Amino acid sequence: MAASVFVSSRVLLGGKFVPASIFVSEDGKITDIQPGIVNSSENITYYDYSNKTLLPGLVDSHVHLNEPGRTEWEGFETGTKAAAAGGVTTVIDMPLNAIPPTTTVENFQPKLAAATTQAWVDVGFWGGVIPGNDKDLVPLVDNGVRGFKCFMIESGVDEFPAVEPADITKAMDVLKEQPSVFMFHAEMIPLEGEAKVADSAPPTAYSSFLTSRPDSYETTAIETIVDLAQKCHGNDTLKLHIVHISSSETLPILKRAQNELGINLTAETCFHYLTFTSETIPDKGTHYKCCPPIRTKANQDALWEALQAGVLQTVVSDHSPCTPALKDLECGDFFKSWGGVSGLGLGLSILWTEASRRGIGLEKVSEWTARNTAKHAGLSGRKGEIAIGCDADFVVFDPEKEFVVTEQKIHFKNKISPYKGKALKGLVEKTYLRGNCIYTVEAGVGDKPSGKLILERRTE
Ligand SMILES: NC(=O)NC(NC(N)=O)C(=O)[O-]
Ligand SMILES: [Zn+2]
Ligand SMILES: [Zn+2]
């Protein structure tokens, strides 16, 4: 017996908007979906969103919540509240920037202890591959870690060192036997050596920073990964994923690996690469600094095309915040500033603003930020879709309403963001997690956390 029913003339079902009624059980699962709008009846709570758009809650599969250890940068409470306010009902936390990093089961425990009472949305976890922790990977999988990220260039924090090709090979051998995904921060210094930035190039100019992280860093890394994957015996069961693609020069390599070499390789890009361009980043604009960097307008257009063509499957925030001092906004030195863009919870409106300008439908936006990110995290059939058996995670969205990103609209801890002041189209009016309202635009987020930690061993 359903406890509630949500009705709307515009429900995203199977990739299309249709009028439908969604029945939800006491424990927050979708038990039935009927075409059209049913009438209210006495013994069932009736949520009437007849004139609204109902989307599945977003799954942001790349966020750095930084707790414990760097809780002044973010934290589970502020991070998951920001997610809830943006229609993001699941976040997957990155292994680095918290201290300790999620590279052993022992290290994982203090993170879980911190998360358990402070999850306003559901939270899953990625682990990390660092040199020498290959024996820790299976125990982490058994404890619910959904996949692993490694760096092929320095990560910015000492406790998460970069791997060498030999470490990657070892981890590939372990992870091909596991229900997991192996992810890469794909920037690598080519054999020719580091990119040269002229001594005369001012450190406060974005162009100086861009020169220091060229496209070739990304292509070198991905070519290396593809080469190692080809050499990995039995690689047909190994899932590989490139996080935060910024360079369009990577796209032919991805396409070839996916279509000709038969490598199971997926890739994501981020909201900021799809909405900002290097030509318009101001001097000292270190709030735009991230690695790999935001590139040109022509590069951005190619990323949009790659998403539509399915070469890139997901769009995430890569929310990687820090304290104001570390952004070095006053001096504006791009080489001293922390790398990372903050935007958790703003993604749906950001992406929809830009997609609608390009004539791309909201169905696609949802596919890239919910259905496909859920799949990437091994959560298909549970998250990322409005379908029978899934959690009743919904966004009530007004695609036409416009707003400006003020500090009140930013719910994460340090309100430094290149999105501040930006006019966006599409407003999250309400967020539901497992059938319960966790955010309304009028009242904000609730005062009690109702998120769960996702710790079941991944099955696919
Ligand atoms: N240490 C980080 O959080 N790095 C992150 N920073 C970015 N993207 O600038 C990332 O995901 O690589
Ligand atoms: Zn990274
Ligand atoms: Zn990241």
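Indexing begins at 1, ligand by ligand and atom by atom, following the structure's order. Values below: all heavy atoms of this structure, side chains included; hydrogens, waters and symmetry mates excluded. Everything numeric here is computed off the predicted structure, so don't read it as measured data.
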Discussion item. Restricting to under 2.8 Å, identify the protein N, O or S atoms around the Zn ion (ligand 3) as residue plus atom.
Written reply: His62 NE2, His64 NE2, Asp318 OD1

Discussion item. Any carboxylate oxygen within less than 4.0 angstrom of a Lys/Arg side-chain nitrogen, looking at Glu67 and Lys111?
Written reply: no

Worksheet item: Out of curiosity, is Lys289 lining ligand 1, as in a heavy atom under 4.0 Å away?
Response: no

Practice prompt. Mark up the atoms of ligand 1 that fall under 4.0 Å of a heavy atom belonging to Asn97, in ascending order.
Written response: 1 (N), 2 (C), 3 (O)

Worksheet item: Do Glu268 and Ile245 touch side chain to side chain, with heavy atoms closer than 4.5 Å?
Response: no

Practice prompt. Measure the distance from atom 11 (O) of ligand 1 to every protein heavy atom, then report the residue, atom name and distance (to 0.1 Å) of the closest one.
Written response: Lys149 NZ, 3.0 Å

Worksheet entry | Electrostatic pair Lys284:Asp328 at N-O distance under 4.0 angstrom | no

Discussion item. Judged on heavy-atom distance to atom 1 (N) of ligand 1, which of Cys290, Ser155, Gly156 sits nearest?
Written reply: Ser155

Fill in: Presence of salt bridge, Glu367 and Lys375, under 4.0 angstrom
no

Worksheet item: If you measure from each non-hydrogen atom of Met94 to ligand 1, which part falls under 4.0 Å: side chain, backbone, both or neither?
Response: neither

Worksheet item: So, does Trp73 sit close enough to ligand 1 that a heavy atom of it is under 4.0 Å from the ligand?
Response: no

Discussion item. So, 4.0 Å and heavy atoms of Leu96: is ligand 1 close enough to count as a contact?
Written reply: yes

Fill in: Thr104 (side chain) donor-acceptor with Asn107 (main chain) under 3.5 angstrom
yes

Worksheet item: Taking NZ, NE, NH1 and NH2 as the nitrogens, is one of them in Asp393 or Arg434 under 4.0 Å from a carboxylate oxygen of the other?
Response: no

Practice prompt. Decide, yes or no, whether a salt bridge links Lys425 with Glu354 under the criterion of side-chain N to carboxylate O below 4.0 Å.
Written response: no

Worksheet item: Relative to the ring of His376, is the ring of Trp126 parallel (under 30°), tilted (30 to 60°) or perpendicular (over 60°)?
Response: tilted

Discussion item. Below a 4.0 angstrom heavy-atom separation, can you tell me which part of Val243, side chain or backbone, both or neither, approaches ligand 1?
Written reply: neither

Worksheet, complete the sentence: Counting heavy atoms under 4.0 Å, the part of Phe160 that contacts ligand 1 is neither

